[in-house]
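Structure first, commentary second.
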Amino acid sequence: METIIWSGSLSVGVKEMDRQHQKLIGMINRLIEEQHVLTEPATIAELLTEMTDYAQEHFRAEEYLMAEYGYERLDSQKHSHAAFLDKTLEFMDASVGPNILSKALLEYLSSWLTGHILHEDMQYKEFFAKKGIA
Ligand SMILES: [Fe+2]
């Protein structure tokens, strides 16, 4: 399975959000890269929890920025963010032992994040650019 490669096409134009997206991508990439060497369920659970904690922190920061500037798609973003966290936690609950880092989970994390940045977050690029936020 391929890792996610960050490039300008994933840039949402807001430096801090790009930085947070890159960090989140890095955390997911680490899970993808080390999926075969990570055998200790406790370590895997710890890395997944770190990732979901950071995702939550990022979503809060992003939603705060959207609320501050009256971004019209805030509710739909909140809904997507919550759905991602629910689904990820569901995967983590359902997975036990060596299957905790399932291919399905890694594929979900990778495709959700890139899809979300490219389709939903990209919609705020122009909005924040017009507000002078970079
Ligand atoms: Fe985001």
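One-based numbering, in listed order, for ligands and for the atoms of each.
- Arg73 has its side chain out of reach of Met66: every pair of non-hydrogen atoms, C-beta onward, lies at least 4.5 Å apart.
- The Fe ion (ligand 1) has an N, O or S atom of His21 closer than 2.8 Å.
- Side chain to side chain, His81 and His58 fail the donor-acceptor criterion of an N or O pair below 3.5 Å.
- Atom NE2 is the N/O/S atom of His58 found closest to the Fe ion (ligand 1).
- Within the 6.0 Å centre-distance limit, the rings of Phe91 and Tyr108 are counted as a close aromatic pair.
- Donor-acceptor pairing under 3.5 Å is recorded for the side chains of Tyr124 and Glu62.
- Geometry about the Fe ion (ligand 1) gives an angle of 110° between OE1 of Glu62 and OD2 of Asp121, rounded in steps of 10 degrees.
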